[in-house]
Amino acid sequence: MEEGMMAAAQLRHVNSLLRSRLERMELETQRQFAVLEQRIRQLEAEEADHETRLRSATEGVTQFKLFSGLVSGSSTLISIAALLRVFLGG
């Protein structure tokens, strides 16, 4: 009888240890999940910011090309007008 009680006490103790270990593992899993969720949100925000910066840079380059093309075209027209003026004696 005493052996049975001792075995039951040992089993309760093992059961208690296993439950405690399982709870720690669940808490650690939840903590890791929260960290991973936070990292994913941060990466998504960085991706959106990066995409916005790329679009802004692309828009700036496009505007610069347009402006430089207009300036270059205007410069060419003025040069041609000056050349015609010299040849035509104006």
Side-chain angles (χ1 to χ4, degrees):
M1 183 83 168
E2 190 174 308
E3 288 178 13
M5 290 177 65
M6 192 174 213
Q10 287 176 344
L11 286 176
R12 281 191 297 273
H13 180 67
V14 168
N15 187 25
S16 175
L17 291 174
L18 288 174
R19 284 179 189 248
S20 174
R21 185 173 182 186
L22 180 60
E23 287 174 6
R24 283 194 317 260
M25 290 172 68
E26 287 176 344
L27 287 173
E28 180 62 23
T29 302
Q30 289 173 355
R31 187 191 68 77
Q32 289 179 356
F33 185 75
V35 168
L36 289 175
E37 277 187 326
Q38 181 181 2
R39 286 182 181 173
I40 288 172
R41 282 193 298 272
Q42 182 180 3
L43 287 172
E44 288 173 344
E46 287 176 7
E47 178 189 14
D49 181 55
H50 185 66
E51 186 174 327
T52 301
R53 288 176 187 230
L54 282 175
R55 287 180 191 218
S56 177
T58 301
E59 184 179 317
V61 168
T62 303
Q63 288 175 354
F64 177 74
K65 283 184 176 183
L66 176 65
F67 180 72
S68 65
L70 289 174
V71 168
S72 177
S74 299
S75 171
T76 303
L77 286 175
I78 291 172
S79 297
I80 291 172
L83 186 62
L84 286 174
R85 194 170 169 197
V86 169
F87 281 126
L88 295 176

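As the structure is a computational prediction, the values presented were derived from the model and not from experiment.
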Evaluate side chain to side chain contact (heavy atoms under 4.5 Å, CB included) for Met6 paired with Glu2, printing each intermediate quantity in order.
CA-CA 6 Å; Met6 192 174 213; Glu2 190 174 308; 5.7 Å; no

Donor-acceptor pair, distance only, cut-off 3.5 Å: does the side chain of Ser72 make one with the backbone of Ser68?
no

Roughly how far, to the nearest 0.5 Å, is the OG1 atom of Thr76 from the CG atom of Leu83?
12.0 Å

Kindly compute the distance separating CD (Gln32) from CE (Met25), expressed to the nearest 0.5 Å.
10.5 Å

Nearest 0.5 Å, please: how far is CG in Leu17 from CG in Leu22?
12.5 Å

Closer than 3.5 angstrom, by distance alone: can the side chain of Ser56 be matched with the main-chain N or O of Thr52 as a donor-acceptor pair?
no

Are the side chain of Ser74 and the backbone N or O of Leu70 linked by a donor-acceptor pair below 3.5 Å?
yes

Quick note, salt bridge (Lys or Arg N to Asp or Glu O under 4.0 Å) partners involving residues 29-49, not counting sequence neighbours, are Glu28-Arg31, Asp49-Arg53

Is Glu51 paired with Arg55 through a side-chain N to carboxylate O contact shorter than 4.0 Å?
yes

Can you measure from CZ (Arg19) to CD (Glu26) and round to the nearest 0.5 angstrom?
11.0 Å

Any donor-acceptor pair under 3.5 Å from Ser20 side chain to Ser16 backbone
no

